Visitor: 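Below: one structure in structure tokens.
Note that this is a predicted model, so its numbers are computed, not measured. Chain A is the first sequence line, chain B the second, and so forth, proteins listed ahead of strands; every chain is numbered from 1.
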Amino acid sequence: MIRSVRGVHDILPAEAGKWRRVERAAREVFEAYGYEEIRLPLFERTELFARGIGEATDIVQKEMYTFDDRSGESVTLRPEATAGLLRAYIEHGLHVLPKPVKLYTLGAMFRYERPQAGRYRQFHQLDVEALGDEHAALDAEVIAMLVELFRRLGLADRLSVEVNSLGDEASGCRPRYRTELVAYLRAHAAGLCEECRERAEKNPLRALDCKRPECRPVLDRAPALGAFLCADCTTHFARTREYLAALGVRHVVSPRLVRGLDYYVRTTFELTTAELGAQNAIAGGGRYDGLIKLLGGPPDPGIGFAVGVERVVQLLPDADREGSAEHRARVFVIPLGEAALKGVLPAATALRARGVAVEVGHGDRKLGRELERAGRLGVGHVVIVGEAELERGEAIVKEMKSGTQRAVKLGELVEALLALGGRA
RNA sequence: GUGACCGUAGCUCAAUUGGUCAGAGCACUGGACUGUGGCUCCAGGGGUUGUGGGUUCGAUUCCCAUCGGUCACCCCA
């Protein structure tokens, strides 16, 4: 047997309904906020991710699906959507559109990682980016929209919203803080775990998020980023929070919220849940004002987020029997014998053309068996056509729930069933 | 990349210290019920016990390897 590749999963019909719910809700919410869909390639030149995500990040160093195509060019299955979306924004000159340019996309991403709860090699994200506008009101609107998505999915009260400001590379407040933090971590290396001592050199901000209790005393007294923010960043963050309050978005400031990608500046945010084990982040994003320029585009600011669809789906309750039958056949046609089958096919086709889902039996089974199948498929009505009915040019329409049935002329069958409408 | 636990029918799981132990329930197909269902009863199909080696008279059971699953670390959505 040929099995699927490690870390990838089939989404079977029983689960697909939940995915559709999530995707439908996302489209509705994003479009209500003025975002338009953009569809992007699943792979890009490796260089794009190396530059956009950061050479030093784990994603680029050890988690990318990278290979050479037949021309010898190195390409990579996208590990996230932002880099490719910005590439398209630059390549097609979308920056000439009225700002902010609001785009969303959804689909599969790939990372070569060891599978774990909520983390797979092919995973799916909803990705939203608002480009060319740095107003704090936009930061708040983006976060509010994300919360609205989860409210609509009935999950809002199982999530918490964390926000932080990382300062700015350009204004220098983040570099200043990083220098200070590294000095502090080195000075107190004795009180830190080995990993944190490494982080102090590699990625100092991430040390703040260490889960080991022995590191807490040192880390809790580390210099706080907030105190180092420049005047502009301080104001931007304060105003973002004011707008969030005005939008009614409850949130907590989490000084340790330091995202893993190099390009984030100023506002960062995350939606977390206590229900998914170690992979507790369900969505996250932030501002990346220098990234578009870094990728060769105009000096436009940007802010966006990604939602892990697998993690959202895990939080959704299983659809009940009614819900899962939503898209199944609503009418089950049971011909008895070959002649009846041929006689009823035109009506079935006509119904399908009118948007009614129809399942047609093959005419070679016992009526009782077919009714049993119809019952288990959960259809509302069955149409029975036997030889006797065929001779009279009729069919029997039976309502499954009540068991009542009546004869209908074959020529009037389509209209009769359509008239049953939603109750079918 | 590191570690822990796990791998028997499509699914959920049984199989006493290695000795008819390859089974049950659900699901599927057919029959009881010659054209009226969701119940019941009966029967059937389906497994080289993840794969490959090894120990043994004999391995689902013990050992090694490998592949996969799960969870955690690293990191991250």
Side-chain angles (χ1 to χ4, degrees), chain A residues 1-9 12 14 53-54 56-64 78-82 106 108-128 146 193-196 198-199 202-203 206 209-212 257-261 269-273 276-286 304-314 321 332 334-337 340 361 363-379 381-390 396-405:
Chain A
M1 181 177 69
I2 298 174
R3 290 179 300 196
S4 62
V5 171
R6 179 169 210 186
V8 308
H9 289 91
L12 302 178
I53 298 172
T57 59
D58 271 34
I59 293 180
V60 171
Q61 294 208 326
K62 58 180 195 186
E63 294 174 6
M64 294 208 302
R78 61 180 185 188
E80 51 105 56
T82 303
L106 44 85
M109 314 289 159
F110 305 85
R111 285 186 203 170
Y112 193 86
E113 296 185 283
R114 190 87 167 261
Q116 176 183 333
R119 189 174 73 183
Y120 313 103
R121 289 191 172 177
Q122 175 176 334
F123 57 102
H124 299 78
Q125 291 186 334
L126 316 171
D127 188 85
V128 169
L146 178 58
C193 67
E194 190 170 336
E195 284 156 13
C196 280
E198 276 180 41
R199 288 192 188 105
K202 257 178 62 184
N203 194 352
R206 294 232 42 110
D209 205 17
C210 182
K211 290 167 191 147
R212 295 182 165 238
L257 174 54
V258 177
R259 305 195 51 73
L261 279 48
F269 52 94
E270 229 172 60
L271 258 60
T272 59
T273 173
L276 290 183
Q279 310 301 318
N280 64 340
I282 197 159
F305 62 78
V307 179
V309 181
E310 278 82 358
R311 296 179 186 180
V312 177
V313 168
Q314 276 187 66
R321 207 170 170 69
F332 195 113
I334 306 176
L336 299 172
D364 54 358
R365 283 191 185 180
K366 287 185 186 175
L367 179 57
R369 282 284 170 186
E370 291 290 63
L371 284 168
E372 195 177 321
R373 279 180 68 202
R376 273 197 274 189
L377 284 175
V379 305
H381 293 81
V382 298
V383 174
I384 302 168
V385 182
E387 288 178 22
E389 288 75 23
L390 202 58
I396 296 171
V397 174
K398 177 185 174 96
E399 184 186 37
M400 291 300 279
K401 196 174 174 185
S402 63
T404 59
Q405 56 187 50

Visitor: Please give, in whole Å, the distance from B/C76 P to A/Glu270 CD?
Guide: 10 Å

Visitor: Taking the C1' atom in each of B/A72 and B/U16, what is the distance between them to the nearest angstrom?
Guide: 35 Å

Visitor: Base, sugar-phosphate or nothing for A/Glu113? Non-hydrogen atoms, less than 4.0 Å.
Guide: base

Visitor: Any sub-3.5 Å donor-acceptor pair from A/Glu370's side-chain atoms to A/Leu367's backbone N or O?
Guide: no

Visitor: Please produce a list of atom pairs where a protein N or O lies less than 3.5 Å from an N or O of nucleotides 36-40 of chain B.
Guide:
| unit_1 | atom_1 | unit_2 | atom_2 | d |
| --- | --- | --- | --- | --- |
| B/U36 | O2 | A/Lys398 | NZ | 3.2 |
| B/U36 | O2 | A/Gln405 | OE1 | 3.4 |
| B/U36 | N3 | A/Gln405 | OE1 | 3.3 |
| B/U36 | N3 | A/Gln405 | NE2 | 3.4 |
| B/U36 | O4 | A/Gln405 | NE2 | 3.3 |
| B/G37 | O6 | A/Met400 | O | 2.5 |
| B/G37 | N1 | A/Met400 | O | 2.6 |

Visitor: With P as the reference atom in both, quote the distance from B/A24 to B/C5 in angstrom, rounded to an integer.
Guide: 33 Å

Visitor: Look at the side-chain N and O atoms of A/Gln116 and state whether any lies under 4.0 Å from the OP1 or OP2 oxygen of B/U70.
Guide: no

Visitor: Is a salt bridge present between A/Arg119 and A/Glu113, judged by a nitrogen-to-oxygen distance below 4.0 Å?
Guide: yes

Visitor: How far does the C1' atom of B/G37 sit from the matching atom of B/A77, given to the nearest Å?
Guide: 47 Å

Visitor: Cation over ring, A/Arg121 on A/Tyr112, under 6.0 Å and within 45°?
Guide: yes

Visitor: Which whole number of Å gives the distance between the P atom of B/G25 and that of B/U70?
Guide: 30 Å

Visitor: OP1 or OP2 of B/G69 sitting under 4.0 Å from any side-chain N/O of A/Arg6?
Guide: yes

Visitor: At under 4.0 Å between heavy atoms, what does A/Glu387 touch on the DNA or RNA strands: base, sugar-phosphate, or nothing?
Guide: base

Visitor: Can you list the stems that RNA chain B is part of, where a stem is at least 3 pairs in a row, each Watson-Crick or G-U, with both distances below 3.5 Å?
Guide: B:1-7 with B:67-73, B:10-13 with B:23-26, B:28-32 with B:40-44, B:50-54 with B:62-66

Visitor: Just call it for A/Gly285: base, sugar-phosphate, or nothing, with non-hydrogen atoms closer than 4.0 Å on any strand.
Guide: nothing

Visitor: With sugar-phosphate meaning primed atoms plus P, OP1 and OP2, does A/Gly363 contact a base, only sugar-phosphate, or nothing at under 4.0 Å between heavy atoms?
Guide: nothing

Visitor: Rounded to whole angstrom units, what separation is found between the NZ atom of A/Lys366 and the C1' atom of B/G30?
Guide: 9 Å

